[in-house]
Amino acid sequence: MVKKKKALFLDADYSVNDNKTYARLLVKGKKRTRLLFQYDPYFYADAVGKKDVVAELKVKKHGESISVKKVEVVTKIVDGKEKELLKIYCNKPADVVALRESVPFKCYEHRIHYGRRFMLDFGIRPFSIIHYEREGNIISKIRKVDEENNRIKLDKIAFDIEVYNPLGAPREKKDPAIMISYFGEKKGVITYKQAKKSFVHVCKNESEMITGFENKIAELDPDVIYGYNSGNFDLPYLKARADVLKIKLALGKGGKSFRMIRKGMISGAKIPGRIHLDLYPAVRFFGFIGMVKAQVFTLENIYAEITGKKKKMVQRLAIWEMWDKGDLEELAEYSLGDSEVTYELGEHIYPLLEELSKITRMPLFDTGLATSGQLVESLLMSESVPRNEIIPPRPSGGEAMERQKNPIEGAFVKLPDPGIYDNIAVFDFRGLYPSIIISYNIDPFRLLEKGKHGDSFESPTGARFMKKPKGLIPFTLESLLDLRAGIKKTLKEMSKGSEKYKKAYARSHALKILANSFYGYLGYARSRWYSRECAESVTAWGRMHILDAAKKAENAGFKVLYADTDSLFLLLGDKGKKHALAFLESINKNLPEKMELELENFYTRGVFVSKKQEEKGAKKKYAMLAEDGSIKIRGFELVRRDWSKIAKDTQYLVLEIILKEGDKDKAIKVVKETIKKLKEGKAALSDLIIYTQLTKHPKNYEIINPEVAAARKAVAKGVPLEKGSIVPYVIGRSGKSISDKAEYADYAKDYDPDYYINNQVLPAVMKILKELGCDEDELKNKGKQKSLNHFLE
DNA sequence: GCGAGCAGCGTACCT
DNA sequence: ACAGGTACGCTGCTCGCG
């Protein structure tokens, strides 16, 4: 019987039955389910003249005879030009690979995953509503696809496990999991030692606990499962325990546990039939794009950073002791707390991930693991299909290496004169690179060959871009920006805090993240749309516009204090704000429509310091006081995680005193106090921790810097540090070199006051004090020990 | 054998 | 594994000196 239905689309992969391929759709109507839809995989080949030969092609692979299902001649746009191609249909996705290898012609789109192919061809994106007719679990017809969904909500749950860890780091073959907590509509803790709490379910043993969790997931049947580092810790650990105990771990549909998948360098665990969202990689991504600033990426710290709330959480090192002591009530409480925090964090992040997923058409699970390159790639791929453009292939490894070896000239940064300044106006170009790409139609397939002119824009590099028609990249980028402009308007009329507002805000944010990634993607070595000429032209036009604005500012009587990429810092001098705004207007009159210089803010005072070794000013380092009393600080040690809190706090105080009071003696007094505290051994170790990320496994370093030395010592004690870990360490008293003295923070017993005075506090404040005229010659000519003595007099 | 000077590695920041 | 531009600490090497 045929039934007309509609459901929320979530993801697609495939299944093969009787040599026929079905798209297997994960959808949610009343309940979440999987449906099948027959659709043939295919690829393209540049072999129109050989249609008959190709149609008869037969290949043997692994003893199986593979043949072409059907061949059509189609017209596609290849590298910007129309071209006839063969569209070669296959029976199974694996046949695409086998047949393409035996087709001795140039092939296209043969490496696009089947699930993605299906979504692209049917114009379906995650969270689309699809209207369909079905017989059993087979879709016979897709009637239409809607974008709007206000009714179907996803059910979410967060979970967390605790493991027995007498050595600090648990050993998955030996150390049992001891507790599993979950939090969502329902909450609870499963364990196997007595704990008198209403939310605790006590089992007999570890096996029962794991099975109990499995049953709980089946019963609650969440669509989305949140975890924090669950893809690389909780789930693999539970699986390892299940294997040791010879039991199953079925968290997904059909008795499956999960499948480890790699998206580039990032790995994750895919639970079949659900959406497993590991918040850790998502948060790392937000950190990478500068949206989240954090010293360390622990759940506790990120929760505080993102929600602004503090919560007591499980101290990993103490877990096994609590378990041995039978302190289960407290452990259960903490464990549930961790799940709750994970849930709350998930709900904070979720709207943005959903919007990124919708816009880029990348399934939510993949979006949670994606890099900006993958997001932009996914978006451009889905825009290519309706434009009938062939999706360019990814470059080979060699090609990517070659691209990486030849970097593209970037932005202009003006050398500032060090000093303290009053009355500064800061302007910046709104979305400089995106607006350049759109204004000059910068696209790899709108690039004219050398010597050809036509109706084109000529970049400062000499490259020429056809004015019409709009290229894929400027077109897509412009739609993002137009969409965003529309949303920003509606946001103003919404009440903050409402669901609608949150959604729209997340959407606007997602659009911004994507728009800002386009230039990077053009110059990204592994990009499908890499173009040296395009990326070079973007930055060249960028330099041209900022230098032009700077020159006009000088002509208008302003002194240009500083400029970086798209920003311009002007000294107002004897001119008022009105003059500055008039200057702004005059600049904007002569810019292309999509480009605009904006007022960022006025500042009453600013500090620019000199470089450490030279007299020249330091770029990308300044502090300014806004009229509302807030301080904008960039580049200083105090914004860096690899400086100790004590040095950063002292530097902040000195900056604040200079900006707000200009009182040199007061600043010196603050520094002296800090030094005294350090000398007397009264500084708290927690204020002395330096955080540094490892970009390799600790064993892979040739030069043993302090963080590597500390990490190696910690690894020897069982701390699981690896590539990407952030190492907290303290410089202690024992040892010769600084590396010798570096100790992993958890194991630090003492500190070296000389190091913290001479290598942390003094370097952080000296350059600033120098701008106050603080014994310049003395500071410049004498060694660190001398200047120290000067302070302690 | 030892310290000074320096190159290069490595990290985190800015836009 | 998104771009380039930039500052700067630390190690480990070279070199000159004795």
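Chain letters run A, B, ... following the sequence lines, proteins first, then strands; residues in each count from 1.
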S.K.: Looking across every strand, which nucleic acid part, if any, lies under 4.0 Å from A:Thr695 by heavy atom: base, sugar-phosphate, or nothing?
M.R.: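 Sugar-phosphate only.
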S.K.: Which of the following nucleotides, C:dG9, C:dG12, B:dT11, is nearest to the side chain of A:Tyr755?
M.R.: C:dG9
S.K.: Check whether any side-chain nitrogen or oxygen of A:Tyr622 sits under 4.0 Å from OP1 or OP2 of C:dA7, and answer yes or no.
M.R.: no
S.K.: With P as the reference atom in both, quote the distance from B:dG10 to C:dA1 in angstrom, rounded to an integer.
M.R.: 15 Å
S.K.: C:dG9, OP1 or OP2 - any side-chain N/O from A:Lys612 closer than 4.0 Å?
M.R.: yes
S.K.: Could you tell me whether the phosphate oxygens of C:dG5, OP1 or OP2, come under 4.0 Å of any side-chain nitrogen or oxygen in A:Thr565?
M.R.: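 Checking A:Thr565 against C:dG5: no side-chain N or O falls below 4.0 Å of OP1 or OP2.
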S.K.: Atom CD of A:Glu614 and atom P of C:dA7: how far apart are they, to the nearest Å?
M.R.: 8 Å
S.K.: Separation of A:Asp642 atom CG from B:dG10 atom C1', in whole Å?
M.R.: 10 Å
S.K.: Are A:Arg284 and A:Phe297 in a cation-pi contact, defined as NZ or CZ under 6.0 Å from the six-membered ring centre and within 45° of the axis?
M.R.: yes
S.K.: Please tell me which of the listed nucleotides, C:dA7, C:dC10, C:dC2, lies nearest to the side chain of A:Ser517?
M.R.: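 Nearest nucleotide to the side chain: C:dC2.
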S.K.: Please confirm whether the shortest side-chain N or O distance from A:Thr692 to OP1 or OP2 of B:dT11 is below 4.0 Å.
M.R.: no
S.K.: In whole angstroms, how far is the P atom of C:dA3 from the OH atom of A:Tyr530?
M.R.: 10 Å
S.K.: Do the rings of A:Trp541 and A:Phe465 sit parallel, tilted or perpendicular, given the 30° and 60° boundaries?
M.R.: tilted
S.K.: Does a distance-only test, which skips hydrogens and angles, find a donor-acceptor pair under 3.5 Å between the side chain of A:Arg641 and the base of B:dA12?
M.R.: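 Side chain to base: no pair below 3.5 Å.
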S.K.: Taking the side chain of A:Arg634 as heavy atoms from C-beta outward, which of C:dT6, C:dG4, B:dC14 is closest to it?
M.R.: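 From the listed options, B:dC14 comes nearest.
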S.K.: If you compare every side-chain N and O of A:Thr371 against the phosphate oxygens of C:dA1 (OP1, OP2), does one of them come in below 4.0 Å?
M.R.: no
S.K.: With a non-hydrogen cut-off below 4.0 angstrom, is A:Lys293 in contact with a base, only sugar-phosphate, or nothing?
M.R.: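 Sugar-phosphate contact only - A:Lys293 comes under 4.0 Å of backbone atoms but never of a base.
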S.K.: Remember a base hit wins even if backbone is also touched, and classify A:Val639 as base, sugar-phosphate or nothing at under 4.0 Å, heavy atoms.
M.R.: sugar-phosphate
S.K.: The side chain of A:Pro407 is closest to which nucleotide in this list: B:dA12, C:dC8, C:dG4?
M.R.: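 So the nucleotide nearest the side chain must be C:dG4.
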S.K.: With the side chain of A:Arg526 defined as its heavy atoms from C-beta on, choose the nearest nucleotide among B:dC14, C:dC10, C:dA1.
M.R.: C:dA1
S.K.: Take the protein atom CG of A:Asp740 and the nucleotide atom C1' of C:dG12, then report the distance between them rounded to whole Å.
M.R.: 13 Å
S.K.: Is the number of heavy atoms from other residues, nucleotides or ligands under 6.0 Å of A:Met544 CE greater than 12?
M.R.: yes
S.K.: Of A:Tyr519 and A:Gln760, whose closest DNA chain C nucleotide lies nearer the 5' terminus?
M.R.: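 By nearest-heavy-atom nucleotide position, the 5'-most residue is A:Tyr519.
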S.K.: Within 45° of the ring axis of A:Tyr701 and under 6.0 Å from its six-membered ring centre, is that where the NZ or CZ of A:Lys696 lies?
M.R.: yes
S.K.: For C:dC8 and A:Asn759 - does any side-chain N or O of the residue sit under 4.0 Å from the phosphate oxygens OP1/OP2?
M.R.: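 Answer is no, no contact under 4.0 Å.
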S.K.: Provide, to the nearest angstrom, the distance between the CD1 atom belonging to A:Ile690 and the C1' atom belonging to C:dC8.
M.R.: 14 Å
S.K.: Taking the side chain of A:Arg640 as heavy atoms from C-beta outward, which of C:dA7, C:dA3, C:dG4 is closest to it?
M.R.: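 Nearest listed nucleotide: C:dA7.
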S.K.: Which part of the nucleic acid, if any, lies within reach of A:Gly410 when heavy atoms closer than 4.0 Å are counted: base, sugar-phosphate only, or nothing?
M.R.: sugar-phosphate
S.K.: Calculate the interatomic distance between A:Ile703 atom CD1 and B:dT11 atom P; express it in whole Å.
M.R.: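 A:Ile703 atom CD1 is separated from B:dT11 atom P by 10 Å.
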S.K.: Could you tell me whether A:Ser527 contacts a base, only the sugar-phosphate backbone, or nothing, with contacts defined as non-hydrogen atoms closer than 4.0 Å?
M.R.: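 The answer is nothing, as A:Ser527 stays clear of every strand by at least 4.0 Å.
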S.K.: Could you check A:Ile704 against A:Lys620 and say which one's nearest nucleotide on DNA chain C is further toward the 5' end?
M.R.: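 Its nearest nucleotide being more 5', the pick is A:Lys620.
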S.K.: So A:Lys696, base contact, sugar-phosphate only, or nothing? Heavy-atom distance under 4.0 Å.
M.R.: sugar-phosphate
S.K.: So which nucleotide from C:dC10, C:dG12, C:dA1 ends up closest to the side chain of A:Tyr524?
M.R.: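 Taking heavy atoms from C-beta onward, the closest nucleotide is C:dA1.
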S.K.: Categorize A:Tyr562 for me: base, sugar-phosphate, or nothing, with a 4.0 angstrom heavy-atom threshold over every strand shown.
M.R.: nothing
S.K.: Regarding A:Asn705 and A:Ser739, is there a side-chain donor-to-acceptor distance under 3.5 Å anywhere?
M.R.: no
S.K.: Can you tell me if A:Lys713 has over 12 outside heavy atoms packed within less than 6.0 Å of its NZ?
M.R.: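 Yes.
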S.K.: Starting the side chain at C-beta, find the nucleotide from C:dG4, C:dC2, C:dC10 nearest to A:Ser739.
M.R.: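 So the side chain of A:Ser739 is nearest to C:dC10.
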S.K.: What is the distance, rounded to the nearest whole Å, between atom CD1 of A:Ile437 and atom P of C:dC2?
M.R.: 16 Å
S.K.: Give A:Phe288 one of three labels, base, sugar-phosphate or nothing, depending on what nucleic acid heavy atoms sit under 4.0 Å from its own.
M.R.: base
S.K.: What does A:Gln613 touch in the nucleic acid at a heavy-atom separation under 4.0 angstrom: a base, only the sugar-phosphate, or nothing?
M.R.: nothing
S.K.: Counting only side-chain nitrogens and oxygens, does A:Gln374 get under 4.0 Å of the OP1 or OP2 atom of C:dA1?
M.R.: no
S.K.: Under a 4.0 Å threshold between the charged nitrogen and the carboxylate oxygen, would A:Lys619 count as salt-bridged to A:Asp564?
M.R.: no
S.K.: Hey, is A:Glu109 close enough to A:Arg116 for a salt bridge, meaning N to O under 4.0 Å?
M.R.: no
S.K.: Rounded off to whole Å, could you give me the CZ-to-C1' distance for the A:Arg712 and C:dT11 pair?
M.R.: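 Those two atoms, CZ and C1', are 13 Å apart.
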S.K.: Which part of the nucleic acid, if any, lies within contact of A:Lys767, taking any heavy atom under 4.0 Å across all strands shown: a base, the sugar-phosphate backbone alone, or nothing?
M.R.: sugar-phosphate
